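If you're wondering where the values come from, they're calculated on a predicted model, not measured in any experiment. Residues take their numbers from the sequence shown, with the count starting at 1. Just so you know, ligand 1 is whichever comes first in the structure, and atom 1 is the first atom listed for that ligand. Any value given below was found using the heavy atoms of this structure, including those in side chains, with hydrogens, waters and symmetry copies removed.
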Amino acid sequence: MKIKALITGAEGQLAKTIYEIYSQNSDEIEFTFANKEDLDITNKNQVALYFNSHHFDYCINCAAYTNVEQSEKTPKIAYETNSEAVKTIAEYCKNQNIILIHISTDYVFDGQKNSPYTISDLPKPINVYGKSKLIGEEYIQNIMTDFFIVRTSWLYSKNYGYNFYKTILRKAKTNEIIKVVDNQVSCPTDCKDLSNYIYRIIKSKSKTFGLLHFSGKNQMSWYGFAKQILKENKLLNDTNIIVDNSYVTLAKRPKYSALQITKL
Ligand SMILES: NC(=O)C1=CN([C@@H]2O[C@H](COP(=O)(O)OP(=O)(O)OC[C@H]3O[C@@H](n4cnc5c(N)ncnc54)[C@H](OP(=O)(O)O)[C@@H]3O)[C@@H](O)[C@H]2O)C=CC1
Ligand SMILES: Cc1cn([C@H]2C[C@H](O)[C@@H](COP(=O)(O)OP(=O)(O)O[C@H]3O[C@@H](C)C(=O)[C@@H](O)[C@H]3O)O2)c(=O)[nH]c1=O
């Protein structure tokens, strides 16, 4: 019998990547993709109806409010989606013996370290998005035992969603000089690599539950990442990108948030 896995937030970049790689290509796992219309995780009635009318072995929670800037202005949406809705999901997963794989973020850390954050390091978020994600993690840890919380950093897809990779390409195509900060460092993570990591967790049937860290292997600043993006798309020249640490943002971001990858 195939393992049954629910993917929430099906229109997001990570969920779409899992769909692209695995929806037709897995002998072992049968994925069900639920978008916000099928399953709004903040709508308790809809969550009850959905979980009571389906059977899953795993729930991969890719649904989240990921707008870091907007979270500072409308924290309510961030907390409803990334904290309270995660509590609801954790309760259903616990009651129905579903293993929860929840995706979290390097932004739970304050960025004061200068070596990769381990799963033993204490989180101390410095923006609303990070705080809302940490509360979600804490609910899961308090409610259930059979969970994996996979923290990742600087997630991007070349094909889907709104992310730094696509923003830089869009800017390059308008011929404007791209100004990017070099005072924040972490590891960009390709959605394809994270999708494979999640797949391996399920396939291994691991019961070593708890926190996991997964990211791309190379540390760089946003400026370094932007240069890499331009270079691999043959758009880098001597004048189209500069360092500018005065780029104005509402949210504070960690100076350093590389994660020490947890081997499976
Ligand atoms: N993007 C990044 O750089 C990083 C992301 N993460 C985490 O990885 C996970 C996946 O992120 P990613 O794929 O990038 O995010 P996206 O923003 O691309 O996708 C999230 C999806 O969740 C949906 N969603 C929002 N609210 C709800 C809701 N109430 N019910 C159901 N679905 C909802 C969104 O729909 P809509 O857009 O219509 O609101 C969107 O389709 C998230 O947990 C995120 O916190 C971790 C580190 C880095
Ligand atoms: C687009 C752009 C951003 N920046 C700066 C702003 C900010 O300090 C930094 C990152 O910008 P963004 O707002 O695109 O990225 P941001 O939304 O901070 O990305 C984060 O998203 C959430 C969901 C996560 O979980 C994190 O791991 C991380 O990926 O780069 C520039 O300097 N120049 C630019 O042209």
Proximity of D106 to ligand 2 by residue part, where a heavy atom lies under 4.0 Å: side chain
Per-atom contacts, ligand 2 versus T66 - under 4.0 Å to a heavy atom: 23 (C)
Spatial distance of atom CG (N35) from atom SG (C62) [nearest 0.5 Å]: 12.5 Å
Have a look at A64, G12, G9 and point out the one with the heavy atom closest to atom 25 (C) of ligand 1. A64
V181, portion touching ligand 2 at heavy-atom distance under 4.0 Å: both
Is S104 near ligand 1, meaning one of its heavy atoms is under 4.0 Å from it? yes
Please work out whether any backbone atom (N, CA, C, O) or any side-chain heavy atom from C-beta onward of T152 is under 4.0 Å from ligand 1, and answer side chain, backbone, both or neither. both
Which of the atoms of ligand 2 are close to Q184, meaning less than 4.0 Å from one of its heavy atoms? 7 (C), 8 (O), 9 (C)
As an exercise, identify every atom of ligand 2 less than 4.0 angstrom from a heavy atom of T167. 1 (C)
Using a strict 4.0 Å cut-off to heavy atoms of T105, name the atoms of ligand 2 that fall inside it. 24 (C), 25 (O), 26 (C), 27 (O)
Is the distance from the ring center of F225 to that of Y156 below 6.0 Å? yes
Residue-ligand contact T8/ligand 1, heavy atom below 4.0 Å: no
Which residue from R170, E176, K252, R253 reaches closest to atom 18 (O) of ligand 2 through any of its heavy atoms? R253
When only distance counts, is A63 in polar contact with ligand 1, meaning an N/O pair under 3.5 Å? no
Give the single entry among N35, I103, V68 that approaches atom 7 (C) of ligand 1 most closely by any heavy atom. I103
Quick look: Y107 vs ligand 2, heavy-atom contacts under 4.0 Å, and the answer is side chain
Kindly assign one of parallel, tilted or perpendicular to the pair Y19 and F33, based on the angle between their ring planes and the thresholds 30° and 60°. perpendicular
Where on R151 is there a heavy atom closer than 4.0 Å to ligand 1, on the side chain, on the backbone, on both, or on neither? neither
Main-chain N/O of A258 paired to D106 side chain as donor or acceptor, under 3.5 Å: no
Please state whether Y156 comes within less than 4.0 angstrom of ligand 1, counting heavy atoms only. no
For ligand 2, is any non-hydrogen atom under 4.0 Å from N67's backbone (N, CA, C, O), its side chain (CB onward), both, or neither? neither
List the closest protein heavy-atom neighbour of atom 12 (P) of ligand 1: residue, atom name, distance to the nearest 0.1 Å. Q13 CG, 3.7 Å
Measuring from the heavy atoms of K171, does anything fall under 4.0 Å of ligand 2? yes
I need the atoms of ligand 2 closer than 4.0 Å to a non-hydrogen atom of K179, numbered in the order shown. 31 (C), 32 (O), 33 (N), 34 (C), 35 (O)
Is the shortest side-chain heavy-atom distance between E72 and N127 below 4.5 Å? yes
Quick test of your reading of the model: are R253 and E69 salt-bridged, counting only N-O distances below 4.0 Å? yes
Which residue and heavy atom of the protein sit nearest atom 15 (O) of ligand 1, plus the separation: T66 CG2, 3.4 Å
Should you measure from each heavy atom of T249, which atoms of ligand 2 turn up under 4.0 Å away? 6 (C)
The answer for which part of C62 has a heavy atom under 4.0 Å from ligand 1 is backbone
Would you mind telling me if ligand 1 is within reach of the side chain of F214, the backbone, both or neither, using heavy atoms under 4.0 Å? neither
Within-cutoff protein neighbour (heavy atom, under 4.0 Å) for atom 37 (O) of ligand 1: no
L39 and ligand 1 - part of the residue with a heavy-atom distance under 4.0 Å: backbone
The protein heavy atom nearest to atom 29 (N) of ligand 1 is D40 OD1, 2.9 Å
Look at ligand 2 and say whether Y129 reaches it with a heavy atom at a distance under 4.0 Å. yes
